[in-house]
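To start, the structure itself, in structure tokens.
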Amino acid sequence: MKRNLFLFVTVLALSFGTEAQEIKMPVNLERLAERATEAVDVNLDASMLQLASGFLSKRDPDEAHVKQIVSKLKGVYVRSFEFDKEGQYSRSDLESIRAQLKNPAWSRIVGVKSVKGENSEVYLRKDGEKIGGLVVIAAEPKELTVVHIDGPINPEELSELSGHMGIPSMKLGPQKKSSHDDDENERQDER
Amino acid sequence: MASVPLKELTGQSEECVPAFPEAIEAHKAMVYGIAWNFLRDRTVAEELAQDVFLLLHKKWDSIRSREHLVFWLRKVTAHRAIDLARKRKLHPETTLKATDEPTVLERLHDSFLASYLERMVASLPEKQRMVVVLRYQEDLEVEEIADVLGMRVNTVKTHLNRALDLLRAKTAVRLKKGLDSVV
Amino acid sequence: MNGMDEELRRALVRRDPSPDFTARVLAASQTRAAEPGLLRSWLSRLLFGRWAAVAATTLIVGGGIAYQQHERDVQGETAKQKLLVALQIAGMKLQGTQRHVLSGGER
């Protein structure tokens, strides 16, 4: 059913008119980093993607898959913020992006709201008969994420990537670390 | 460098060691893989791998068989990687105790390791880390790991169990956080 | 085999070094093999003064190139990690959206 859902909305999106347009991450979004407890900022244009792709291993099946996905992309941009309390961003922070997505080249294929205040939107850009770009806006009470992928991308393939590469799910939460070495006392195994 | 016949010291069947360039090609992924998975630094791992093969070149006459070659490469790579990590202290180490949260700045300047599990392996104490790398990258049994690292079998088992306990505990914490806050 | 074992096997795979690794090792091994004996060493010391400047320049240029390569490696590795993080985030958010839609979230 998941496959049919994405197939349906993709076909729907491709039936609209086309005109390519870049999405610019607004300055006010960058300022949210000052209020965030965790922030992820990724800006990979075509040249950086090519550089990154050169370091992906062909032996690792997941990295090889990513290499194949990335080979035709022109850019990958992510802004993700995690806050320690609600109310650290507003709808107006996203207005600039939503205004850019009103261009006819872009179609909102999914818009979901939940009673917990979690809103998700997915936009696709048509490029001829194919998908030319993807934007995901995920707004939760204490987390805001905007993803822009420029280039031909299969949303279903992308959603399947999470769940591989070593962990079942990924959350941008704080991590624990210490500097204690509990191995120092094992002197009986001198090499 | 020409192939070298087996020196019949052990009475085992004769087997030719490959030429040196072939040995590099055949085993560079193993050597570099151990170095990379242990050190998580591409440049340092390559330097270490190169040093291992240069030492192999020097000690070439002492290699007795293909099997001995693989054993020798694993052993030297493992020991050198552990020594290097101890000198450089590339990664802080992890215990089961709760510790301070990293700052936002530390997160931003972090190496962005591809997976949480790889990050946790990289932060294990050196011997536990190498035991895990040899077990899961090279698929070695506990006895083989003990030979490579010059440890007692029970010590290897202890290292492995401690490492897996730590990794499971950390992954469970991470999973719980992930599930609790899923969209 | 439990889940953790499988995840560790998937994470800790053998990896290829840079494409010119073998060539570099062979070149370095040949350089070491060509190290002069005592007499040749004495003779080469006579010539050392003349060639010192050439050697020093080569070292500086070589060192600069090696440093640039190191910087590129660091940049490339960082870009790769950022790419993987970005794609995981994107995939996770898409999955979440799917779950929302399939569970009948308000549209």
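So you know, we letter chains A, B, ... as the sequences are listed, proteins then strands, and number each from 1.
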Between B:Lys75 and B:Asp147, does any NZ, NE, NH1 or NH2 come within less than 4.0 Å of an OD or OE carboxylate oxygen? no

What residue in B:Ile34, B:Leu164, B:Val31, B:Thr43 has the most heavy-atom pairs under 4.5 Å with chain C? B:Thr43

Please determine whether a side-chain nitrogen of the Lys or Arg among B:Asp165 and B:Arg162 lies less than 4.0 Å from a carboxylate oxygen of the Asp or Glu. no

So which part of B:Val132 gets closer than 4.5 Å to some heavy atom of chain C, the side chain, the backbone, both or neither? both

Honestly, the part of C:Val13 sitting under 4.5 Å from a heavy atom of chain B is backbone

Would you say B:Glu46 and B:Gln50 are linked by a side-chain donor-acceptor pair, where the criterion is simply a distance under 3.5 Å? no

Residues forming a salt bridge (Lys or Arg N to Asp or Glu O under 4.0 Å) with B:Arg74, sequence neighbours excluded: B:Glu138

